[in-house]
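Structure first, then comments.
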Amino acid sequence: MSKSYSPSDHETRIWDKWMASGAFHADPSRVLSGEAQPYTILIPPPNVTAALHLGHALNNSIQDILIRAHRMKGFETLWMPGTDHAGIATQTMVDKKLKEAGKPGIADYKKTELEGGPGREEFLKLVHEFKDQYEERITHQLMKMGCSCDWDRQRFTMDDICARAVREAFFQLFKDGLIYRGKRLVNWDPVTQTALADDEVEMEDVDGHFYYLRYPLVHETEPGNHDPVTWAELVRRGYPGAEDHPEDEQAWITVATTRPETYMGDTAVAISPKDPRAKAVSAFKCELPIIGRVIPIIEDDYVVLPVKYGGEPGDVKAEMSTGFLKVTPAHDPNDWMIGQRHSLEPINIMAPDASISDQHGWEREANNEGGHIFVGKSREDARKLVIAEFKAHTVAEGSEGSLLEKMVPYSHSVGHSYRSHAAIEPYLSDQWYCKVSDDKLRGNAQRALEPNQRTENSIKDWPESRPKMVADDTTDGSMSFFPARYAKTYETWHDNLRDWCISRQLWWGHRIPVWYKEYDSFEAMESESDAIVLGWLKDYQIVSIGSDEVAQSDGYGDYICIADADEKATSLLQEHGYTQDPDVLDTWFSSALWPLSTMGWPDATAAKDSSGIEDFESMLAAFNPSSVLTTAREIITLWVSRMTMFNRYFLGENEQPGKAPFKEIFIHAMIQDGDGRKMSKSLGNGVDPLDIISSHGADAMRFTLCQMTTQTQDVRMPVELDEATGKNTSPKFDLGRNLCNKLWNAAKFSMMMLEKNPIEPGMPIDPQELTLIDRWMLSRVVDATNKINTAQRNYMFKDYADTLYDLFWRDFCDWYLESIKPTIADNPNQRAVLRLVFEAILRLMHPVMPFITETLSERFADIPMNEITGFNFAQTRTNETLCQSGWPEPIDELRDEVAEEAYERVRSLVSTIREIRAQSQVAPKRKIVLHASGSLADDIARWSPLVETLAGVESISSDTPDGQAASFTFEGAEYQLSNLADALDEGAEKERLTKELATIEKSIGGIKGRLSNPGYTDKAPAHLVQQTRDQLAGLEKDRDATKSALDKLA
RNA sequence: GGGCGAGUAGCUCAGUUGGCUAGAGCGUUCGCCUUACACGCGAAAUGUCGUGGGUUCGAGUCCCUCCUCGCCUACCA
């Protein structure tokens, strides 16, 4: 074996071996027949937008650790791999790449499409190419990391099987009235020109201003005619402060806004009914300057009173507002609500690119309105122009002051697209919604939570629909978060849930399976849609809607949704004048179906036929619900919730909700750089997993990531630029690399020992016949195995890694291997223990460090193992490879407290001697003599030759040393070491003992203080007090022995 | 504004229900190529456990106050 471990020499070969062995392939029949318990993980499908980063490496390492451990424990494991089409992200990315390459972008293809050419199709071809490329890259990365997914079953969220699930889900929800179309304000991304869901909007702080705009007050004499209202009139009506203005001039009110450019869409000004000015002005109207539109003044409780009139001091709105609120229903969600309450017609003043437009709802010319100078301007330019215009004009000719009363700097947070980063425009449009607020979706997502993780309020609002039937019931109350605190995030999200906008104005994604046709009259629509159902579509399950709010507002329209529309149905619809909705579904709609679609739902036979995977029909029954979902916390709302709602909804039967899609959800930390910043491309602080694999090896990376995975929400990884390669790396990975190297060498050394003196097959060995050190080592393995099992059960990955490290490095290398050096050659039982313990260590390490352990396992394959009674391994399908071999399952009786205690004394004695050697500067190779008599001499005789080997002791003498010697205390008695040097430095020896004495005295002081406190002796548990007394007694003995040694020197 | 998390050695982090003199890795110092491993071995130094209070015989751990940082969420009058 080479001097050090070189990962690249082995990883590829080992990977190929695993793939050839079929070790990762899940067999549902073993689950259904009861041969094995299922253990399932669904990969959070990575976006095909980019290569995997370190966060993915962490996420997938964790999943692989869990999967490999359970495989070895005898579970039938399925790790379902796949990728996500990531609609908006991918489409944007491809567009960007095309433009960078100087090729036509999506705008050009859209133009072609409008001209009747094949724009959409052609563009999608390019996206598919991009997707194929990245999917391959991602798959390759996962394989390099060692991910033991069932690669034969890999899915993509837009493949045939997943697409069928999407169509069926949409159909069912549509049929059940849980999908509807609505005309309302959505989060509009003007750059990508699509609607976004609430959680795709990121809030960012923006420095802006409050603009105070004056709107002149008018009487409307008759529609289209109005006269100015004077301040004198307001004075008469008791408007506070009106008397401060010239009485014959036109009066105005002032509105405060951060978005003056939307004033063209104002349809009212609102005032609180509690405002003392309300009565005085509500009979009047306002005239929008420049445009000339006359709008009413309405009273609405939503409006906050300014501080002056009784508003809460400290409330930003009360502090900054004037009490008059401009109402722009088409461009502000709150104004939309006010508009609904007061039946105001919204006026949309923007084009989809957020430029000011009079072609999208603002009938400027028809209504003879001004403001043409704003048309065509971007939001930003329009704002500047509005401000300039207001500044340049006065309320009426000759009046004082401009229409722009003042500007006040104001910083607030504004929604931005998580993709284009453009400011979100609340925009009025027709969109499809999923009624997730329905109890059958939201309610059952809440009920899925384990009751101990739910809040009282939530249990009150959404009581369980039925009690748990059996212990492992996977419906209500079956889903737990780890760490538990994340259950709260999940619950709160549902508490505030609004209906989910599922349509996206994109090309890349699942096309909405709805066809539309317009009719001249309601009767025509009715009769034809009846005819359709009975006629040319009679072979299909269809739902037709001709009377929802949008359909009616558009005239007479009919929407048809067909269950699993095939090409024939599609062409029939086209023949009859129906066109398919051009929009696609939100990516998360298909992601939400991941636990179902990957298992072949709704039609496993079709899935079998199209994929050629014979056992597809058994998958759902065998592997849903999955065991655990491993993901990052940002996904709780986007994904976990939706998967839960859909799984329960679609697997429900007889009005009863179905099972939750997973039993446990593990939320892992996010990796940040050394300064606590997110790793990102733009900051250049990202670390590429493949770079680490090539510099340190996959196992080193995995161990380090595992070791970093604590229960906190963030972990930091200092990033450094490797000058040699020009790539980012982190010194943290050295930990893993060093461990691998140590393992390699320990294996080399063990093998050397076992080859020199081969193990011979024999009868099972009784652990009681083993030497102290062997019983100790076995006991340590038992202890570590228990700790690791607990750590795995609770997703405490750092505990797992630390336990491995301590067991292997500290116990096995530092003490066991060093201890057996003198005896292994002559003790066949010891060789059996070495072989077995090393095997157990390899298996315990394998889930974290699969490549090196498999490699070493190959090397050890020919070295026989003797059975040690009670040291068992789990039953698995085969032991052909280490990754399929059984997990250590030693019986508890191998935990040997006596051996642990005895060896602890050896270690303590050895450490004491080593300390003296170091302090007295004994030459490292020099052998010394230990003088000990009495019971310690007997013990050492039994422990022999451990102390000699470990402490560099040549012999143990029961005589007192005749010449120079160093004294030390051990367990309260005085002993000597001699032959430390050719001549002992008495001064140094005295100094050492004096220092030692001071340390002991200090400890005694502390302990005496505690014992002299009556509160302690009276109230603390008796065993603790006794322990303290024993400790004091021990220390006093040590003190006396040290003193006597010191006296002898003097 | 609401919620969550973090603040422990120079750095990255552990520290279960309060209970031996607060730990690990890296880094640092000293000595070593001691029958695998210098990616190593042996030894050592380094802490007012963010602040201030409280409960207790006893607090890194429980309660309250405040400070700093991060994340989520709400808010464009």
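So that the names make sense, note that chain A is the first sequence line, chain B the second, and so on, each numbered from 1.
Among the nucleotides B:rC20, B:rC39, B:rG19, the one closest to the side chain of A:S4 is B:rC39. Closest approach to the A:C813 side chain among B:rC20, B:rG19, B:rA36 is made by B:rA36 (side chain taken as heavy atoms from C-beta onward). Distance from the side chain of A:K3 is smallest to B:rA38 among B:rU21, B:rA38, B:rC71. Nearest nucleotide to the side chain of A:T712, out of B:rA14, B:rC39, B:rG19: B:rA14. In this structure, of B:rG19, B:rA36, B:rC39, it is B:rC39 that holds the atom nearest to the side chain of A:N741. Taking only side-chain atoms of A:Y1016, from C-beta outward, the nucleotide of B:rG19, B:rG42, B:rG31 with the closest atom is B:rG19.
Remark: RNA chain B takes part in the stems B:1-7 with B:67-73, B:10-13 with B:23-26, B:28-32 with B:40-44, B:52-54 with B:62-64, each of 3 or more antiparallel Watson-Crick or G-U pairs, criterion distances under 3.5 Å.
When rounded to the nearest whole Å, the span between CZ of A:F749 and C1' of B:rU34 equals 12 Å. Following rounding to the nearest Å, A:E818 (CD) and B:rG40 (P) show an atom-to-atom distance of 14 Å. If you take CG of A:L743 and P of B:rG40, they are 13 Å apart, rounded to a whole angstrom. The distance between atom CD of A:Q672 and atom C1' of B:rC71, rounded to the nearest whole Å, is 8 Å. For the pair A:I928 CD1 and B:rA43 C1', the computed distance is 14 Å after rounding to whole Å. Rounded to whole Å, atom C1' of B:rG40 lies 12 Å from atom CZ of A:F808.
Using a 4.0 Å heavy-atom distance criterion, A:P1014 is classed as making no nucleic acid contact. Among the atoms of the strands shown, none is found under 4.0 Å from any heavy atom of A:R917. Heavy atoms of A:M203 sit under 4.0 angstrom from at least one base atom. A:D1018 comes within contact range of no nucleotide atom at all, as no heavy-atom separation falls under 4.0 Å. Within 4.0 Å (heavy atoms only), A:V304 reaches at least one base atom of the nucleic acid. Using a 4.0 Å heavy-atom criterion, one finds that A:K1002 contacts no nucleic acid atom at all. Residue A:D734 is out of contact with every strand shown, counting any heavy-atom pair closer than 4.0 Å. Heavy atoms of A:R485 sit under 4.0 angstrom from primed sugar atoms or phosphate atoms, though from no base atom. Heavy atoms of A:N496 sit nowhere under 4.0 angstrom from any nucleic acid atom.
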Review item, nucleotides 44-48 of chain B N/O atoms under 3.5 Å of protein N/O:
none

Which protein N or O atoms sit under 3.5 Å from an N or O of nucleotides 23-28 of chain B?
{"residue": "B:rG25", "atom": "OP1", "partner": "A:R810", "partner atom": "NH1", "Å": "2.8"}

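For a distance-only test at 3.5 Å, the side chain of A:K742 fails to qualify as a donor-acceptor partner of the base of B:rC39.
A:Y263 and A:F390 have perpendicular rings, their planes meeting at more than 60° on a 0 to 90° scale where under 30° would count as parallel.
For A:R810 and A:W815, the positive end is not near the middle of the six-membered ring at less than 6.0 Å and at most 45° from its axis.
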